[in-house]
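Naming: A, B, ... by sequence-line order, numbering from 1 per chain.
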Amino acid sequence: MATEFHNLQELRHNASLVTKVFIQRDYSEGTVCRFQAKFPSELDNRIERTLLGETVRTLNSYYAEAEKIGGQSYLEGCLACATAYIIFLCMETRYEKVLRKISGYIQEQNEKIYAPRGLLITDPIERGMRVLEISVFEDRGSGGSSPSSTMSSGSSAR
Amino acid sequence: MSAVMITRKVRKWEKLPGKNTFCCDGRVMMARQKGVFYLTLFLIIGTCSLFFAFECPYLSLHLSPAIPVFAAVLFLFVMAMLLRTSFSDPGVLPRALPEEATFIEMEIEAANGNVPAGQRPPPRIRNVQINNQIVKLKYCYTCKIFRPPRASHCSICDNCVDRFDHHCPWVGNCVGKRNYRYFYLFTLSLSLLTIYIFTFDIVHVVMRSVDKGFLNTLKETPGTVLEVLVCFFTLWSVVGLTGFHTYLISLNQTTNEDIKGSWSGKNRIQNPYSHNNIIKNCCEVLCGPAYPSVLDRRGLMQEDPLVSATCAAPASSSSNPVPQTTKTTAPLIPNEHTPDEAKPGIAASAEKTPSPKEEQPPDTKIPPLATPETDAETSIAKDKTH
């Protein structure tokens with residue numbers, strides 16, 4: 001039953017999209033970017049709970065680091081204000097640096113953990129930081145379950 | 001079917017729904033109506049030019065050359081803040097792609113269960129607990145998302161904006177999470193500039209009148225009269241606005257929440273976002289992190305390589321069906337169960353929406369994406385068929 005993919009390339013070329021699972025934002029601590037730790041039931045037999053939980057926890061910690069209001073953010077804000085924010089045209093903000101780290105982390109997680117299980121995580125920034133989208137694939141060659149009706153709308157994903 | 005080769009690279013801003021205008025290949029983002037913004041520019045630049053032309057030569061000689069220098073610095077700061085507020089993305093939330101919208105619809109259907117015939121389905125609201133207060137998240141029928149806390153839909157720009165404050169015609173843009181601090185600094189620095197020019201106009205007129213008499217002074221520097229007029233009227237409005245926003249920042253509220261009275265009144269909940277400390281609130285709003293835009297306006301549109309070829313979509317890669325389905329409220333699709341009375345109503349609402357370019361009909365297995373009107377129509381239709 002387990003679909004084996006050796007790398008991300010194989011996934012892209014051979015797999016067919018079955019469905020997409022969305023992990024929503026957790027607003028219990030305000031408007032800070034956090035994702036819910038609740039494990040979606042659709043992924044029960046695709047991935048271990050601990051692995052997905054670990055990914056979500058790490059992402060949450062990255063976002064918390066980016067949005068932390070402390071010494072560094074004050075310094076950045078005051079310096080930028082003093083230069084009428086022109087410095088933002090040359091300099092990369094701390095948030096942008098953390099976003100690059102996050103995108104690298106997601107890429108790494110996809111390659112090591114998710115692609116071998118036929119899953120793919122989309123970076124939340126591509127979905128407006130509203131949801132963590134996990135695409136579920138079935139190997140075309142293995143004649144898996146027939147694709148659900150959401151596939152036809154999956155074609156207009158981008 | 002012959003494939004159409006697209007030679008021009010299409011950037012994402014060209015396909016964004018909503019009523020914004022984009023300039024400089026997606027770098028600049030503004031609302032559609034820019035007339036009042038041009039007026040603002042004209043007033044600021046015009047008044048400052050008059051100040052530099054008429055007052056500054058006299059004042060720099062008789063008082064100090066630092067006066068025009070400081071005025072120039074203040075003027076440049078005001079312009080920088082104005083342009084940043086007007087040209088940047090206020091924190092627009094992108095609309096839900098079809099899969100996400102469908103997923104949410106299915107969750108709502110599951111949560112509502114079976115609505116008894118003839119009754120309206122319950123309003124689409126999600127309750128979340130923030131800092132031990134229950135906050136209601138409303139569903140946006142245009143963007144097909146549950147709005148995050150403090151977000152609101154701007155009808156002028158037709159976008160959901162995060163931490164929506166208000167739509168300001170004077171800057172020609174919405175004021176939201178990403179550009180609120182620039183807007184505040186703009187009003188603050190403009191107040192200072194107005195007071196500065198007003199003060200030195202008076203000083204200049206007084207000093208010159210002592211030498212040459214009041215009427216002669218006005219004849220020599222007619223620009224002064226104009227400046228004083230503009231500054232006088234600007235002073236009351238801009239200083240008042242700055243004071244109002246200072247009050248809002250100290251309470252960590254938005255104009256939108258203040259107008260709606262979200263956190264005021266006895267039976268309403270307290271503001272869950274406030275730290276109950278003026279300094280902390282000011283620091284969070286003004287010195288918080290610089291949030292990046294989630295819109296990716298300048299990214300290139302691309303065909304999704306992961307897509308399986310079940311749809312015989314037109315070969316043109318730039319005809320992206322997403323804007324058509326999410327831009328307008330989706331019409332209810334009549335089928336054999338729709339009673340005849342309901343069909344003209346449906347046809348009328350279908351006429352309002354532009355016909356989608358997609359060749360295939362929407363899959364009837366997915367619940368039709370709803371509007372507040374269709375929520376009521378569905379329940380009436382179900383009632384009639386029973």
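- Highest contact tally toward chain B, considering only A:Tyr27, A:Phe88, A:Tyr74, is held by A:Tyr27 [criterion: heavy-atom pairs under 4.5 Å].
- Contacts of B:Pro94 with chain A are made by both backbone and side-chain atoms, with heavy-atom separations under 4.5 Å.
- In the displayed structure, A:Gln72 atom CD is contacted under 6.0 Å by at most 12 heavy atoms of other residues, nucleotides or ligands.
- Heavy atoms closer than 4.5 Å to chain A are found nowhere in B:Phe146, neither backbone nor side chain.
- B:Arg181 touches chain A through its side chain: at least one heavy atom from C-beta onward sits under 4.5 Å away, while N, CA, C and O do not.
- For chain B, the nearby parts of A:Ile125 are the backbone and the side chain; heavy atoms of each come within less than 4.5 Å.
- Taking chain A as the reference chain and counting heavy-atom pairs below 4.5 Å, the highest number among B:Leu286, B:Asp296, B:Ile145, B:Asn131 is found for B:Ile145.
- Here the shortest heavy-atom pairing between B:Phe77 and A:Cys81 reads CE1-O, 3.5 Å.
- Taking B:Pro292, B:Gly288, B:Ala80 one by one and counting their heavy-atom pairs under 4.5 Å with chain A, the maximum is reached by B:Pro292.
- Contacts of B:Glu284 with chain A are made by both backbone and side-chain atoms, with heavy-atom separations under 4.5 Å.
- When heavy atoms are compared at a cutoff of 4.5 Å, A:Leu99 approaches chain B solely by way of its side chain, counted from C-beta outward.
- Looking at A:Thr93, the atoms closer than 4.5 Å to chain B (heavy atoms on both sides) all sit in the side chain, from C-beta outward.
- Within 6.0 Å of the CD1 atom in B:Ile134, the count of heavy atoms belonging to other residues, nucleotides or ligands exceeds 12.
- Separating the CZ atom in A:Phe22 from the CG atom in B:Leu97 is a distance of 7.5 Å, to the nearest 0.5 Å.
- Shown are A:Lys20, A:Arg130, A:Arg127; of these, the side-chain hydrogen bond (donor to acceptor under 3.5 Å, both in side chains) with B:Glu100 is made only by A:Arg130.
- Neither the backbone nor the side chain of B:Arg147 comes within less than 4.5 Å of any heavy atom in chain A.
- Remark: B:Lys280 NZ is loosely packed, at most 12 non-hydrogen atoms of other residues, nucleotides or ligands lying under 6.0 Å away.
- Side-chain atoms of B:Phe103 and A:Gln24, non-hydrogen and from C-beta on, do get closer than 4.5 Å to each other.
- Among A:Ala80, A:Gly77, A:Cys78, A:Ala84, the residue with the largest count of heavy-atom pairs under 4.5 Å with chain B is A:Ala84.
- Applying the 6.0 Å contact sphere to CG of B:Leu76 captures more than 12 heavy atoms from other residues, nucleotides or ligands.
- Looking at B:Leu185, only its side chain comes within 4.5 Å of chain A, counting heavy atoms on both sides.
- For the pair A:Ile69 and B:Pro289, the minimum side-chain heavy-atom distance is below 4.5 Å.
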